[in-house]
Amino acid sequence: MSSELDFPYHFDDQGRTATTGRPDHIRDLIEQVLFTMQGERVMRPDFGAGLLALVFEPNSVTLAATTQMLAQAALHQHLAHLIAVTSVEVINDDAVLRVEIRYVMLADRTSHVASFAVPGGAA
């Protein structure tokens, strides 16, 4: 099993850079794509879906559809060499926007699900 840098960056119990397995690393990459604002990364102005910018938007069906489109497009643009996204489901639940990504890791063809919650939307 290969080991990759863990996100967010931290040290392990032995004072070394923490590592993680490939499936967790891919989930970390998905999280970075979803929550990074475009323009936030130096030399990569188009990186990210910017879902955190939607935190203060009124929670609605329109917001869920917009979030689904942004997430799917950003994941395809930035991680298509690692994963094939099979579905993006966005559920608005009171003041929380839940995003569920179903994907296949291309390296070993295993299916995975990653869920994220974006709190703070107005009800």
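Just so it is clear, the values below take in all heavy atoms, side chains as well, and ignore hydrogens, waters and symmetry mates.
Shortest non-hydrogen contact noted between Pro23 and Met105 is CA-SD, 3.9 Å. Considering all non-hydrogen atoms of both residues, Gly48 and His78 come closest at N-NE2, 3.6 Å. For His25 against Leu5, the heavy-atom pair with the smallest separation is ND1-O, 3.2 Å. The two residues Ala71 and Val88 come nearest to each other via the heavy atoms CB-CG1, 4.1 Å. Contact between Gln72 and Val85 at its shortest, heavy atoms only, is NE2-CG1, 4.2 Å.
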Could you check Arg98 against Phe116 for side chain to side chain contact (heavy atoms under 4.5 Å, CB included), going step by step and ending with a plain yes or no?
CA-CA 6 Å; Arg98 298 185 193 289; Phe116 305 93; over 6 Å; no
Working for side chain to side chain contact (heavy atoms under 4.5 Å, CB included), residues Thr110 and Val104
CA-CA 5 Å; Thr110 56; Val104 174; over 6 Å; no
Stepwise, does the side chain to side chain contact (heavy atoms under 4.5 Å, CB included) test hold for Val99 with Thr67?
CA-CA 8 Å; Val99 181; Thr67 304; 4.1 Å; yes
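Here Ile26 contributes atom CD1 and Leu79 contributes atom CG; the two are 7.0 Å apart, rounded to the nearest 0.5 Å. For the atom pair NE2 (His81) and CG (Leu106), the distance works out to 9.5 Å, reported to the nearest 0.5 Å. Taken from CD in Glu4 to OG1 in Thr19, the straight-line distance is 9.0 Å, to the nearest 0.5 Å. One finds the CG atom of Asp24 at 9.5 Å from the CD atom of Glu31 (value rounded to the nearest 0.5 Å).
Using a 4.5 Å cut-off between side-chain heavy atoms of Ile, Leu, Val, Met, Phe, Trp and Tyr, Val42 falls into a hydrophobic cluster with Met43.
Gln77 contributes no side-chain N or O that, together with a main-chain N or O of Ala74, makes up a donor-acceptor pair within less than 3.5 Å. Looking only at distances, no side-chain donor or acceptor of Asp6 sits under 3.5 Å from a matching main-chain atom of Thr20.
Judged by distance alone, the side chains of Arg27 and Gln32 never bring a donor and an acceptor atom under 3.5 Å apart. Side-chain N/O atoms of Thr86 and Tyr103 include no donor and acceptor closer than 3.5 Å.
Checked for salt-bridge contact, Arg102 and Glu100 meet the test: a charged N lies under 4.0 Å from a carboxylate O.
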